[in-house]
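Shown next, in structure tokens, is the structure this report addresses.
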Amino acid sequence: MAAKIFGNQGAAQAQNVRDSGIPNDKILIANRDDSYAVDARLKGFLVEHDFSKAAAVADVIFLLIPDQVQPRVFNKQVAPTLKATATIVIASGYNVFYKLLDFQLKLSLSVDIREAFHVLKGAGCSDEALCYEMWMSKEPAEIFERAAEDGFIQQFGQLRGALALDGKEAREHFKHILYNQVLNGKFCEEFSKIEDDLEKEGPENPLNELYRKSEESELGQAEKRVRARLTSSLQVVAS
């Protein structure tokens with residue numbers, strides 16, 4: 001039995017398991033009674049609202065809920081009834097790294113486009129050119145997919161530019177995050193303090209405030225303009 005705590009990734013992963021040949025009666029969706037549970041039933045899956053019951057029958061369990069609630073759900077509702085031989089799949093590794101989940105295991109231990117956007121915008125490039133070239137065309141996703149298969153194969157311009165880039169400031173920034181935020185537990189401590197606030201609506205939720213600031217940035221405003229123009233163009237074509 002493969003039990004999945006649905007969350008944001010549950011729909012895709014549950015369907016992948018089913019498509020791989022696991023029958024529906026061997027897939028159990030563990031989810032509270034909400035829109036995700038309704039969606040799971042509409043997709044033909046069995047749904048269990050009691051996480052403890054789902055954990056008790058699972059040979060493989062997928063924990064696909066947000067990082068901030070994983071410890072509370074897993075430690076109190078999943079771990080106590082989990083089979084000793086169960087395989088656990090967790091998205092992501094945040095709570096595993098900080099050892100916030102109650103189990104024992106051996107732990108194996110992207111370039112920011114914002115500055116490039118500001119430089120090119122200052123040089124006169126249009127919103128459409130920048131947004132589509134950098135991310136909205138999905139070309140970066142294709143590039144990384146090819147890189148996973150063939151390695152990083154770049155052309156003359158990318159190679160010349162990349163090799164000439166010093167990267168010292170970026171490395172120092174990443175080192176600061178790694179040693180002064182991640183490895184020393186500071187980020188984990190700060191994130192744990194706002195766990196309850198992440199359930200709130202509006203500006204009281206610190207994540208919503210970060211979304212707001214991101215949307216107000218030059219890059220966020222450019223994307224908003226491009227999407228509005230695209231919607232307007234599609235409406236004209238449809239009419």
Side-chain angles (χ1 to χ4, degrees), residues 1-109 138 141 145 148 182 185 187-211:
M1 173 70 75
K4 291 177 177 289
I5 298 179
F6 221 50
N8 293 327
Q9 299 187 34
Q13 295 210 33
Q15 290 174 99
N16 284 341
V17 171
R18 182 168 60 189
D19 291 346
S20 71
I22 305 298
N24 258 15
D25 61 355
K26 295 296 183 182
I27 303 173
L28 179 62
I29 304 303
N31 205 94
R32 62 187 180 182
D33 192 7
D34 61 9
S35 60
Y36 287 114
V38 173
D39 183 47
R41 289 194 181 92
L42 290 174
K43 288 181 168 63
F45 294 108
L46 302 173
V47 177
E48 172 60 66
H49 298 313
D50 189 325
F51 291 0
S52 297
K53 290 181 180 179
V57 299
D59 298 301
V60 180
I61 186 164
F62 294 75
L63 191 62
L64 306 175
I65 53 179
D67 288 331
Q68 68 269 19
V69 299
Q70 280 187 13
R72 182 171 73 243
V73 172
F74 183 85
N75 296 341
K76 295 181 179 180
Q77 301 180 59
V78 175
T81 60
L82 197 61
K83 293 180 181 179
T85 57
T87 297
I88 308 168
V89 180
I90 301 173
S92 62
Y94 173 84
N95 290 299
V96 177
F97 180 83
Y98 286 114
K99 302 178 181 178
L100 299 178
L101 303 179
D102 288 343
F103 60 84
Q104 299 295 320
L105 79 166
K106 293 182 179 178
L107 182 63
S108 299
L109 291 181
K138 300 183 181 180
E145 183 177 1
V182 178
F187 175 80
C188 177
E189 179 181 350
E190 293 178 355
F191 193 55
S192 298
K193 288 179 180 178
I194 65 171
E195 176 182 331
D196 292 338
D197 291 335
L198 294 175
E199 301 290 333
K200 297 177 180 178
E201 300 292 336
E204 291 185 352
N205 185 323
L207 185 56
N208 288 341
E209 183 64 12
L210 291 176
Y211 283 142

*Any side-chain heavy atom of Val17 sitting closer than 4.5 Å to one from Val60?*
no
*Test side chain to side chain contact (heavy atoms under 4.5 Å, CB included) on Leu82 and Ile88 and set out the steps.*
CA-CA 10 Å; Leu82 197 61; Ile88 308 168; 3.6 Å; yes
*Residue pair Val69 / Glu199, side-chain heavy-atom distance below 4.5 Å*: yes
_Nearest atoms (heavy-atom pairs only) where Phe51 meets Asn31_ = CE1-N, 3.4 Å
*asked:* How close do Asn95 and Asp67 get, counting heavy atoms only, and between which atoms?
replied: ND2-O, 2.9 Å
*Report yes if some heavy atom in the side chain of Asn75 is under 4.5 Å from a heavy atom in the side chain of Leu101; otherwise report no.*
yes
*asked:* Using modelled atom types and a 3.5 Å cut-off, is there a donor and acceptor pairing between side-chain atoms of Gln77 and backbone atoms of Ala55?
replied: no
*Shortest non-hydrogen separation from Asn205 to Lys200 and the atoms involved*: ND2-O, 3.1 Å
*asked:* Would you say that Leu198 contacts Phe191 through its side chain, given a criterion of any heavy-atom pair below 4.5 Å between the two side chains?
replied: yes
*Of all heavy-atom pairs between Glu204 and Asp197, which one has the smallest distance, and what is that distance?*
O-CB, 4.0 Å
*asked:* Could you measure the distance from the CD1 atom of Ile27 to the CD atom of Gln13? Nearest 0.5 Å is fine.
replied: 11.5 Å
*Does any non-hydrogen side-chain atom of Phe74 lie less than 4.5 Å from one of Ile90?*
no
*So, for Leu100 and Cys188, which heavy atoms are closest and what is the spacing to 0.1 Å?*
CD1-SG, 3.8 Å
*Excluding sequence neighbours, so at least two apart, what forms side chain to side chain donor-acceptor pair (under 3.5 Å) with Glu195?*
Arg72
*Can you check whether Ser52's main-chain N or O pairs, donor with acceptor, with Thr81's side chain at less than 3.5 Å?*
yes
*asked:* Tell me whether Asp39 contacts the main-chain N or O of Ala11 through its side chain, where contact means a donor paired with an acceptor under 3.5 Å.
replied: no
_What's the separation between atom NE2 in His49 and atom CG in Asp33, rounded to the nearest 0.5 Å?_
4.0 Å
*Expected output: side-chain Asn208 to main-chain Pro203 donor-acceptor under 3.5 Å*: no
*Over all atoms of both residues, closest heavy-atom pair of Val182 and Tyr98*: O-OH, 2.5 Å
